[in-house]
Structures are given as C-alpha cells and as structure tokens.
Amino acid sequence: MAILTKEEAKKYIDKALSYAKADETAVSISGGRTGNIRYARNTVSTSGESNEIQLSVTSVFGKRIGSSSINELDDASLKKAVERSEEIAQLAPENPEYMPMLGPQPEQSAATFSTATDKINPDYRAQLAIDSIEPCNAAGLVAAGYLEDFSGFVARGNSKGQFNYNTSTSVDFSVTVRTEDGTGSGYAIRDFNDVSLLNSKDVTTVAMQKAQASKGAQAIEPGKYTVILEPTAAGDLLRLMFGGLDARSADEGRSYMSKKGGGTRLGEKLFDERVTIISDPANTEIPLAPWDGDGMPLKKTVWVENGVVKNLAYSRYWAEKKGVPPLSRPGGGGFGGGGFGGGGFIFSGGDQSVADMISNTERGVLVTRFWYIRAVDPQTLLFTGLTRDGTFYIEDGKIKFPLKNFRFNESPIIMLNNIEALGKPQRVGGSMIPPMKIRDFTFSSLSDAV
Amino acid sequence: MKRRDFIHLSGLGLGALMTPGVMAMGNPVSAERLIEPGIDAAAKKLLADTALNATKAKGATYTDVRIGRYLSQSIFTREKNVQNIANTETFGVGIRVIANGTWGFSATSDVTPDGIKKCAETAVAIAKANSKLQKEPVVLAPEKGYGEVTWNTPIKKNAMAVPVKEKIDLMLAANNAAMDNGAAFVNSALFMINEQKYFASTDGSYIDQDVHRLWPNLTVTAVDKASGGFRSRQGLSTPMGMGYEYMDGTPSEKIPNAAGFNSYRYSYDMVEDAITAAKQAKEKITAKSVVPGKYDLVLDPDHLGLTIHESIGHPLELDRVLGYEANYAGTSFATLDKWKSGNFKYGSDIVNVIADKTQPYSLGNMGYDDEGVKCKEWDLIKDGVLVNYQAIRDQVGILGEKESHGCSFADNWSSVQFQRMANVSLKPGKEKMNPMDMIKNVEKGIYILGRGSFSIDQQRYNFQFGGTVFYEIKNGEIVGMLEDVAYQSNTQEFWNSCSAICDKDDYRFMGTFFDGKGQPSQSSAVSHGSSTTRFDGVNVINTARSI
C-alpha cells in the first residue's frame, strides 16, 4: 500500500491544492518500505522493516515560506495541513533568495525501479545474511554485515501545474570479515537498484579472501607510494570533490573551484587529461530520477572533459544573479533512485581490471577502502583518513605481503594530476568509478589497527 | 539527506523482526506548538500499562515502554538573511521485550490503547521469531523499580518559549558584528531540542523526563580574492544541556584564555565571539605556516573534548570491544585482556577519566537512561590505568558487575535503545594552575583552541586532529598565530605524554549533537569536560598544499 500509483498520488495532490489560498503552493507525497538486517559475530543482531507515507505542503506568500506535513491522507487532514502550512508561512521572515515555483516540465522516464527489490521480504533478507554468515562460520572467520533496502515513490505537484512522479528502489550491502584472532580483516560493499544483481555470498567471498590474506601485516615506512585504489577506495575520495562542482561557492571565493583574483576555474585544465566526469540520468547502471528538487529536468552534463572544468552547478537563484541558465548536479534533488550521498557521477576509465593493474605494477600499495575521511583544508581539498580492511604491498606485478594500515593526507585534486592508469568503472555508492593507479600518493603515518 | 531521514515510521508490517531506527525528524509544526504540553503523566501511565499487560499476556518476561514526544526548532541565517526556520514534532511509542530469552522491538505512532496493544504484541512476536537465531539468551543485570518519578534538565529559560524574533535578532546581530569586522561570509544556526520521554518497565518504574539541549553555531569566513585564499573560524560555543540562558553572555562565565580573548563556560556571548572570529579569520589567511616537528601541545577544553571523545570515549564502549560494531564504527584496541591485566597504562599518572550522565549542563545529563537505570558516575581510567568500560544491562555482566552503568539511549521513540557513550571527561588537575601558568613552562609548543578536522582509525590507535585557531609558544610566551597545523599520535602514546592539567576553575565542556553509531545510524548527544591540558613532544604536520 505504501507505493501509490501516479493517478492516486495526483488525486491527493490535486485535492490538497484545491484547499490552498497562498500565492504559490507545492504538495509532495513520498512513501515506501525500508527494510534492513544487521549481523555481527556470525549472528543476526537486528532486522526490521517499516512502511511510511508522508504528504508535505509548502505555501508561499510573497517571499514568505511555510511548510507542514502529515501521515494521513483523508480530506480533513489534507485541509488542515494546507492551513497549517499557510499559517506558518505568514509568520515566517522573508527569504530574499526565494525563487518562484516552476510550471509544467517536459516528461522524462527513469529506470530507477526494480520489481525484484520491491518484493524483498524478511525471509529474503535473512537468506542474504545466512549466505554471508555460513561460509564464514565454515572457514572459522567472523562476519559482521548490514543490508538495507528501499522501495518507494515520490510525487509532487504545485499550483502552477507542475506534476512529477517517480518510483525507485535501492539496496546497499556491506560486510566486514575478520579472522578469529583479530589479526586479519576484509571488507566488500555493493549497491544496486535491482537486488537480483546482488549475490551476498560472492561479495562475502571477497571480504573473506581479504581477511585471510591480510593476516600478519608488515610495516613499511610511510611516504609517497604508487597506489592502486580499488573502486571503493577511489570512490571514497572522489565523492568528496563532487560537492565542489558548484558555481556559487566558487564565485564567492570559498571553494577549490575559486580562481585567484576572483571568479571560477570554469574552462581551466585542473586535472590529468584522462579525467572526464559526466552525469547522465539515463545511464542504466546508475539510473537517476529525471528531475531535481525544483522539478527541473536533469540533463546529461559534462562536468570535466579531458581534465578541463566544463560546467559548474548553478542554483536557480545564482543563475539568475549571474545571467546564466540554471544547472543541477545529481545528488541535490532528493527525488529517489540514486543521486543521494554524492552519487550520480560517471567517471571515465579504461578496460583494465584491478588484477591487470597489479600485474603492471613494479612496486606499489593496493588499497581496498579508506576510513574516517575528514577535510583538513577546504581550499586545497586536502583530506586525511586511513586505509582499512585489506592493504597489500605489490612488487614485480604480484601481491607480496599484507601491509599495516596507513594514514593518508592527500587531495583528490592532486591525485587526479598523478594518474598512471584508470581501470574499468564499477558502480560504487551510486556513481561509476574506475580503479585507479596513482603515483606519489601521500601516506603520513602507520596505524596498528586491523 | 538520506532517504530514511525523511521517511519516518508509523505502523509495522507483520514479519518485521526489529524495527529499524528510522530517524523520525518529525512533522513541521508552528513555533507555538513547541510550548503546548503533551499528554500528562497519568495518561502516559495508563498507556504504558496497556503495553506491559499486553506483552505479559503474550509471554514476555521483560518489557520496557518508551512514550516519546520529540520537539525541535532549528534556525539558519546567513549574513543579513534568515534562510530557514524549522519546527518539528514527533510523537510515538517504542516497546522492547524479552521473550524466549531474546530481544524484540516494535514502534508505532498510533499512541492509542489499540495501537499500543498491537505494537506490544508485534514486539513479542518479533522476539519469538528472533529467538530461532539466538545463540545465548539475554541476561539482564538487575535493576530496581523506582515507582513514579520525574526528572527535568535544570534549565532557567525554555528555549522553545523564547520568541523566534528574539533569537533571529541575536543571530543577525552576531552576523552583522562579524561583517562589520571584516568577514566576507557568516553563517549562524541555532538548534533547540526538547525530548519529553516517558519510560515504564516491568521492573516497576514509571519515569517521566523532560530533557532540553541547545546548540548555537557560528562559521565566519574571510576571503582574500587577490591571493585566492580563504579561511573560516568556527564559533567557540558548544552544545549544552541547557535552556536559552546559555545565550545570555553572562560575564562571569567568560574564561579568559591564554591567547588574550574569551572562552565560554556555561554562557555564550555570540556577538562578542563573532567579532573575535571575524578578526581571527582574516588573521588566519596570512598567519605563519607551521614548521613540522615535535611540539608540546597546550589544548583548550573546547578542542580537547573531541580528542577525548575519539580516543577514550569510543574505544571504551563495551559493545565495540566485543565486535558488534565491526562493520561500521569498528572495534577497539582496548581489549578485555588489557583491562583484565589491571595494569594497562592508558595514560600518565595524572590522567583520571570518568564517565557519567550526571554533570549539570552536560548533554548526557539525565535522571535515568533509556532502560530505566538511574544515571551515575564511574571511573574509566584511574591514575593512568584502564579500569572500566561503558556497558548496559545486557552486557555489564561480562565485566563481572551486577549493576548497569546507565548509558543506554535511543535517539527516538522509533529507534531501539543500545549502549551509547556517556559524558566522558578528564578530571581537572589538583594543583592550582591556569592556562597562562601552563604556557609559562612551555619552551616550544602550540596552543590549540576549537574544533578542526578529526580522524581516527577503526580500533582507535592512530589519530590526526586539527583545530580552529593555533598559537605558537616560544620560551613560555605566545609569539603569534600559526596555520596549517595538525597533530598525529597514537592513543596510548599521546595520553602517556600528558604532563600537566589545569585546575577546576578552567574546567569546561565540549560537546556534540551528532555522535553516530549503529546501522541504521542513530545520533546521540554527549559532552566532554576537561581543563586546559599539556601533552609533550607530539608530532605536528604541516597541512598546506598547492593545487
């Protein structure tokens, strides 16, 4: 019941709009099912499922904005929600940056919904967990993992005649496998719209191999190393720079995209020429809902091409101020189906696998993932964090021995100027990210953590 | 915002085994609604008894019921504009049971006798279903029933009752003050929380608590467009378990620090801090870049709190030690064998660290935790030696203790409670000493105030911390501002390098609203008290780069 059809959603939205007296009114309904299962020490610790539906009203008088929301959809509740939202709007201070709502927008479809994911039930989740736990039990290893799935819809209409509707599903699975003595640890993570692409046993096998192979880690001196970042590790760092693809903060002089002397770095070659980053809501591996939060269609956009910054996002307010067309980034919309948490970007790569990249490396460090990444300097996008759950030394094209974890201090901007090779992109956190071979990656100290 | 942040919970489908802690941010309401009373304690007792009877009838051997009304107000401004005001309310009940020796939990926003009965029965059904996967039955440390009791955060002014206009006027006055003093941008925010929590259990407790927290937040940015440089200086406020009186700027609560401006204890002067912040943000752009090397660090409480949080608070959470957080927050270097040895030297002899939920004005301050245990104080590190962890009713037995530490918490009625960090605080030094006295004895050092970037490994050995403002100390004197400073150390090495702690007159809190733990993640608010403290010979790196 939680997923309303397009027609049902429109009926509720139109009904709510019929009660509105404000200059502009928007009504949205979102709902769906969220389920999860969590395990640790080879046993399930918590699992559950919740269903929810929420209708939200936004009312605008001049530049005064108010909102309210309800969980019941009867006529009296709808009327009350509209009235409450209008009361709040009339009391609110003016927002000088408010932009009028948009009217009807071109229809676009999205491949964000999977029937298989929609059908997930507690038994299905339990089986996924068992498929992960059992091989670990059999191998004398200890698994801790988490699966979260979502199936839902969003619909929105406004008093200017706009109406959008989209359904989406998602599934995120991660597992940490440790040796019983705590001297080895491995990790693997995958995310999809369609759960039939997820095999928890296969994902766990990767984490198991890393756990066993990382026993007996050796220390080497911190310093600058050639690294091979698996897609998860590369994605951990790259998603931190996507947020800066924004014109306003650049124009204001407080972003790595700000230019010396004022203005932005649009048009500058900021990265190695192999760096091309686009977003495309129609991409089938990371489908996105086709609108942003204002209901504006998301377009296929080239952000960086051959190392040159081609586009920065302009909010409608900033675009008007600068006299340019508005442009949305994926991830800013909140319309379901990817685009959350820095997802929605497609980073070009090549055909090499991680194994190919290892075999072509004389000396280097293989990194499974990074952990506890925090900004050190927003001006240079310097970040710190640590390697975790599988760090290995490569010599003469082969993995020689497991390494103790490192702390790094590195900027993705610098990293993308030190590219040796890019491999085949894989879906990571809703974006397509290649494994990367990077020279002179800065490890600043060693950690005893396993 | 993640999906689960805006999809909040009402009924539960059958077959759900444990309700996920879906963050119920609540529905937007008017500001007036935030000061209207909720249902009274007598009505809550009747509803709670409905749940207790329903679960007993279905075979539960233990039940606790949490009826929660969670109110929040958030105000965001930037320069001369109010960006957003959000008032929210969420109301519901979470019911946790033990049946067949196994936990079950269910929650609903249908706070009626029928809704509660259904929810209670679901919780028992979930426990029974889960029991098939259970390896060892849950054993709870005993806890006495307290009957009908109440507890309130000791506030003087309910922040929800202060007119929104008064709050906006103060924030815009701070913004203007910063702009007048050279800031290019300023963002200020004010977060206010009121949790009206009612707890009942089969132990015979009916606990009605009214919990308030408040957090003013300020970020002042200076920009030098010619050089392309920019620097931000965060406000030196901290979240507190207080009412709006924290915003009064009471002179007696201003603590002069060793860098010649004011730090704040139990009262914050936002306008004064905005002026200082604007001047310091500009100064930071041209400040001397640190020469890397070993320095003696003098750490202000508003900075040190986060170091305590990450390097002592988290590793001493027993569930982490046992592996329950392995896939997310991580495990801990402070393993049980180290504790059992009785001589694991966590820090130098002067390091005494307590955990508590009883210090007035702290974020963790409550009368009772979320499983009905009366809050208390206990030792974690005594004379430098690791002596205890943080544990709740179903795990404290592992430590050979018969009584829970009282640090169970759920971030909402819809979330299941679990072990969360109590306030973890460094006890002040016994000898009379203020930060100025401390600096006099430092030959080559750095004085660090405020929070900066922070990162620590998943077992809490290796960490790197930045700060907000840094001052170079040479031969007992502050000689100027530094930039690009971060220090790296190892937890045990760092705490063993602690060589001096200022006295109780310098003791202040640093806190956070958003300590994250669990999957799905839950937020918890926690404070860390300390006085200015010295650490010798710590490795400092230079974080400047050019791109």
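In what follows, chains are A, B, ... by sequence order, proteins preceding strands, each numbered from 1. Values below: all heavy atoms of this structure, side chains included; hydrogens, waters and symmetry mates excluded. These figures come from a predicted structure and were not determined experimentally.
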To check you understand the geometry: which heavy-atom pair defines the closest contact between B/S455 and A/Y372, and what is its length? OG-O, 2.7 Å
Distance-minimising heavy-atom pair for B/F454 and A/R374: O-CG, 2.7 Å
Can you tell me how far CD of A/E87 sits from CD of B/E32, rounded to the nearest 0.5 angstrom? 8.5 Å
Value rounded to 0.5 Å, distance of CD in A/E72 from OG in B/S109: 7.5 Å
Relative to chain B, which of A/K259, A/R41, A/R125, A/R84 shows the most heavy atom pairs under 4.5 Å? A/R41
Which answer fits A/L446, side chain, backbone, both or neither, if we ask what part of it has an atom under 4.5 Å from a heavy atom of chain B? backbone
Between A/N417, A/N95, A/V57, A/V376, who has the most heavy-atom pairs with chain B when the cutoff is under 4.5 Å? A/V376
Who wins among A/G145, A/A143, A/A81, A/G262 for the most heavy-atom pairs under 4.5 Å with chain B? A/G145
Is B/T331 in contact with chain A via its backbone, its side chain, both, or neither, using a 4.5 Å heavy-atom distance? side chain
For B/V223, is it the side chain, the backbone, both, or neither that has a heavy atom closer than 4.5 Å to a heavy atom of chain A? side chain
Could you look at A/R178 and say if it's the side chain, the backbone, both or neither that has a heavy atom under 4.5 Å from chain B? side chain
For A/S67 and B/P28, which heavy atoms make the closest approach, and how far apart are they? O-CB, 3.3 Å
Taking the side chain as everything from C-beta on, heavy atoms only, tell me whether A/E97 gets closer than 4.5 Å to B/Q83. no
Interface moiety of B/I168 toward chain A, non-hydrogen atoms closer than 4.5 Å: side chain
Counting heavy-atom pairs closer than 4.5 Å to chain B, which one of A/I130, A/L386, A/I413, A/D448 comes out on top? A/D448
What pair of heavy atoms forms the shortest contact from B/A226 to A/K260, and how long is it? O-CG, 3.5 Å
Stepwise, does the salt bridge (Lys or Arg N to Asp or Glu O under 4.0 Å) test hold for A/E252 with B/K225? CA-CA 9 Å; A/E252 289 178 342; B/K225 282 206 173 171; over 6 Å; no
So does A/V450 get a backbone contact from the side chain of B/Q459, meaning a donor-acceptor N/O pair under 3.5 Å? yes
With a 4.5 angstrom heavy-atom cut-off, is it the side chain or the backbone of B/R33 that approaches chain A, or both, or neither? neither
A/R254 versus chain B, the contacting section by heavy-atom distance below 4.5 Å: both
Distance alone, cut at 3.5 Å: any donor-acceptor contact between the side chains of B/N462 and A/S447? no
Against chain B, label A/Y98 side chain, backbone, both or neither, depending on which of its atoms sit under 4.5 Å from a heavy atom there. neither
Rounded to the nearest 0.5 Å, what separation is found between the CG atom of A/L382 and the CD1 atom of B/I547? 10.0 Å
Could you measure the distance from the CD1 atom of B/I85 to the CG atom of A/L91? Nearest 0.5 Å is fine. 9.5 Å
Heavy-atom pair count under 4.5 Å with chain A, highest-scoring of B/G466, B/S232, B/G229: B/G229
Portion of A/N42 that has a non-hydrogen atom of chain B nearer than 4.5 angstrom: both
If one checks every heavy atom of A/A375 against chain B at 4.5 Å, the contacting part turns out to be backbone
With respect to chain B, which residue among A/G385, A/S68, A/A92, A/A207 yields the maximal number of heavy-atom pairs within a distance under 4.5 Å? A/S68
Given a strict heavy-atom distance threshold of 4.5 Å, which part of B/I456 is in contact with chain A: side chain, backbone, both, or neither? both
Checking A/S185 against chain B: side chain, backbone, both or neither under 4.5 Å from a heavy atom? neither
To the closest 0.5 Å, what do you measure between CZ (A/R388) and CG (B/D457)? 9.0 Å
Identify which of B/S332, B/G452, B/G518 forms the greatest number of heavy-atom pairs closer than 4.5 Å to chain A. B/G518
Quick one: does any side-chain atom of B/R545 pair with a main-chain N or O of A/D377 as donor and acceptor, under 3.5 Å? no
Measuring heavy-atom distances to chain A, does B/S227 have an atom under 4.5 Å in its side chain, in its backbone, in both, or in neither? backbone
Contacting region of A/S258 [heavy-atom separation from chain B under 4.5 Å]: neither
Taking side chain as everything from C-beta outward and backbone as N, CA, C, O, which of these in B/F333 sits under 4.5 Å from a heavy atom of chain A? Side chain, backbone, both or neither. neither
Do A/Q54 and B/N27 pair up side chain to side chain, a donor and an acceptor below 3.5 Å, judged on atom types alone? yes
Correct closest heavy-atom pair for B/R460 and A/W371 would be NH2-CZ2, 4.4 Å
Within the 4.5 Å heavy-atom criterion, are B/V82 and A/E94 side-chain neighbours or not? no
Value for CG (B/N327) from CZ (A/F173), rounded to nearest 0.5 Å, stands at 8.0 Å
Have a look at B/F230 and tell me which of A/S255, A/P378, A/S249 forms a side chain to side chain contact (heavy atoms under 4.5 Å, CB included) with it. A/P378
So which atom in A/T176 and which in B/A326 form the shortest heavy-atom distance, rounded to 0.1 Å? OG1-O, 3.7 Å
Neighbour count above 12 (heavy atom, 6.0 Å) for A/K80 NZ: no
Using distance alone, with no hydrogens and no angle criterion, decide if B/Q464 and A/N409 have a side-chain donor and acceptor under 3.5 Å apart. yes
Taking 4.5 Å as the heavy-atom cut-off, does anything in residues 483-493 of chain B contact chain A, and if so which residues? B/Q488, B/N490
Is any side-chain N of the basic residue among B/E325 and A/R38 closer than 4.0 Å to the acidic one's carboxylate O? yes
